[in-house]
Amino acid sequence: MKRGLLAIVILAALGGVLFFQRSKPKTEGQQQTQKAVVDEKAVAVLKQAEEACKAVKGGKFEAEFKGEGTLTSVRALVKGTVQFDVAKEWLRMTVTTKDAAGAERTFDLASDGEKVVGVDHSKKAYNFGPYPNARPLLSPGLNLSMPKFGVDAAFRGEMERGAKLDGVQPCDGVPCDVVTITKGGEGTRWFFGQADHLPRRVEHLFNLYANPNGSDRTVLTLSNVKPNETLAMADFQIGTPEGYAENEVGVTQPLLTVGSPAPDWELKTPQGETVRLASLKGNVVVLDFWATWCGPCKMAMPKVQELHAEFEARKVKVFGVNCQEDPNGDPEGYMKSKSYTYGLLLGGDNAARAYRVSGLPTFYVIDAEGNIAHAEVGFSNNDQIKEAVKKAMGKSET
């Protein structure tokens with residue numbers, strides 16, 4: 001069964017995690033004096049970009065991703081071509097990567113919504129498996145994705161974060177409106193084509209406390225953007241090249257069994273608070289493993305919010321565990337745009353592996369003693385989850 005929208009996202013752990021030492025946090029007084037002021041011109045540009053991205057249901061573009069500043073030597077240069085169809089969950093990428101030593105590798109990557117293929121030309125390997133379980137085969141092209149295409153309210157979160165219009169700059173010969181959003185020691189700078197309002201460049205700025213000019217950054221640049229071109233399923237299928245070894249991957253693991261101990265985890269909220277499962281004993285815990293690119297996840301979220309609202313006054317904790325997220329995804333912004341108020345936990349890839357998550361969304365109910373009370377992949381309604389919660393509550397309250 002297919003789950004998720006455009007399958008361009010793999011486990012974030014495969015992309016690596018970077019940490020930077022920051023200077024001491026600013027005092028409360030300093031934070032108040034630097035409170036973000038709404039730039040109406042920037043908001044207007046973001047609204048135009050939001051409508052333009054929403055209308056892009058597929059197409060083609062060329063892309064390049066690289067690190068600058070301290071990231072130059074730790075993030076590989078990635079460039080290639082991307083074609084996609086959001087509704088049909090089709091993706092095709094031709095990718096070249098170059099590491100800090102200059103070593104190059106080339107890949108052909110594709111998914112037709114049923115089968116995922118990753119051809120590694122340097123190893124003469126034809127790797128394949130079922131969609132979505134074999135999504136990790138798409139990892140070499142991870143950073144070339146533009147997750148805003150085809151998304152409703154794509155920039156709603158950015159509009160609430162003190163966006164600033166920084167003039168006009170050319171990007172690959174296209175005049176672009178530049179909008180900068182900062183939050184704490186990090187930020188994002190977007191370049192939108194003035195004619196079509198589509199993203200042409202996005203810079204993720206790191207370590208702004210130490211480098212306020214944003215010299216430590218990753219840069220994704222798009223060129224030759226051709227939205228909504230007609231594409232056929234054959235454009236997203238790759239045969240086995242002659243002489244290449246075939247390797248099937250993506251075998252599904254069964255979910256954790258009811259009655260077994262739930263693996264412990266320790267995850268952060270968007271506000272930086274730490275939540276640990278072991279500290280929640282005595283409460284029934286509902287976990288929704290999800291990602292912003294996953295269509296069925298978004299369809300399920302209103303019901304998750306209803307579940308949270310119904311049991312909020314009881315000893316029930318509901319969390320969306322964000323995992324397998326796109327590097328440009330904004331889970332906090334998406335939840336805010338939809339007024340969802342249940343808990344959000346970030347960086348849940350390790351937890352997802354411990355809970356054998358192979359498709360999104362995946363739901364678990366954990367009883368007050370810390371044991372699995374219910375597990376399911378996919379979502380049609382919340383009746384089964386609600387009943388599992390009530391049963392677990394009755395057990396703990398008797």
Side-chain angles (χ1 to χ4, degrees), residues 1-10 48-65 78-96 106-119 126 128-132 134-135 137-138 140-155 171-176 190-202 220-241 291-299 326 328-329:
M1 179 171 129
K2 296 191 296 182
R3 298 180 181 90
L5 285 176
L6 184 61
I8 55 179
V9 189
I10 56 101
Q48 290 177 318
E50 190 168 82
E51 288 302 310
C53 286
K54 180 181 177 180
V56 177
K57 304 305 182 184
K60 303 176 181 179
F61 59 86
E62 298 174 14
E64 178 185 273
F65 174 88
V78 186
K79 58 183 179 179
T81 60
V82 179
Q83 58 188 34
F84 63 100
D85 186 304
V86 175
K88 296 176 181 176
E89 304 178 23
W90 292 347
L91 175 71
R92 175 74 181 266
M93 293 184 286
T94 301
V95 176
T96 300
T106 58
F107 303 86
D108 279 310
L109 313 169
S111 173
D112 62 5
E114 299 291 343
K115 178 182 178 181
V116 182
V117 174
V119 181
Y126 180 87
F128 68 97
Y131 174 75
R135 276 196 307 261
L137 292 178
L138 304 172
L142 167 68
N143 291 312
L144 299 184
S145 66
M146 175 45 68
K148 301 295 188 180
F149 287 158
V151 176
D152 294 339
F155 292 97
C171 184
D172 193 41
V174 176
C176 292
W190 289 91
F191 294 67
F192 302 106
Q194 287 192 314
D196 60 14
H197 312 298
L198 294 176
R200 290 304 196 286
R201 179 181 173 103
V202 57
L220 172 65
T221 305
L222 274 57
S223 59
N224 296 322
V225 179
K226 299 178 180 179
N228 297 321
E229 285 206 345
T230 302
L231 299 168
M233 190 173 189
D235 296 321
F236 299 87
Q237 297 173 329
I238 304 174
T240 307
T292 59
W293 52 266
C294 169
C297 297
K298 293 178 178 179
M299 292 172 63
D326 186 281
N328 298 325

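Only a predicted model underlies this, so the values are computations on that prediction, with no experimental measurement involved.
Put simply, the side chain of N228 gets close to the backbone of A55: a donor and an acceptor are under 3.5 Å apart. Checked by atom type and distance alone, the side chain of Y126 pairs as donor or acceptor with a backbone atom of I238 at under 3.5 Å. Judged by distance alone, with hydrogens and angles left aside, the side-chain atoms of K298 form a donor-acceptor pair with the main-chain N or O of T292 at under 3.5 Å.
Taken to the nearest 0.5 Å, the CG atom of L138 stands 5.0 Å off from the CE atom of M93. With rounding to the nearest 0.5 Å, the separation of CD in E62 from NZ in K79 is 10.5 Å. Separating the CZ atom in F84 from the CD atom in E229 is a distance of 10.5 Å, to the nearest 0.5 Å.
Within a 6.0 Å sphere centred on NZ of K226, heavy atoms belonging to other residues, nucleotides or ligands number 12 at most.
Cation-pi check for K115 over F128 is met; the charged atom lies under 6.0 angstrom from the ring centroid and within 45 degrees of its normal. Figure legend: K148 and F155 shown as a cation-pi pair, the cationic atom lying under 6.0 angstrom from the six-membered ring centre and within 45 degrees of its axis.
Taking every heavy atom of both residues into account, C53 and P199 meet most closely at SG-CD, 3.5 Å. Residues F236 and Q83 come closest through the heavy atom pair CE2-O, 3.4 Å. Taking both residues in full, the closest heavy atoms of C176 and F191 are given as CB-CB, 3.9 Å, listed atom of the first, atom of the second, then distance. Contact record, S111 with V116: OG-CG2, 4.0 Å, taken as the closest heavy-atom pair. Smallest separation of non-hydrogen atoms from V56 and V86: O-CG2, 4.3 Å.
The aromatic rings of W190 and F192 sit parallel to each other, their planes meeting at less than 30°, with 60° as the upper class boundary.
The residue from V82, L222, L109 that alone fulfils the side chain to side chain contact (heavy atoms under 4.5 Å, CB included) condition with L144 is V82.
M233 pairs by the side-chain contact (heavy atoms from CB on, under 4.5 Å) definition with W90, D112, Q237, not counting sequence neighbours.
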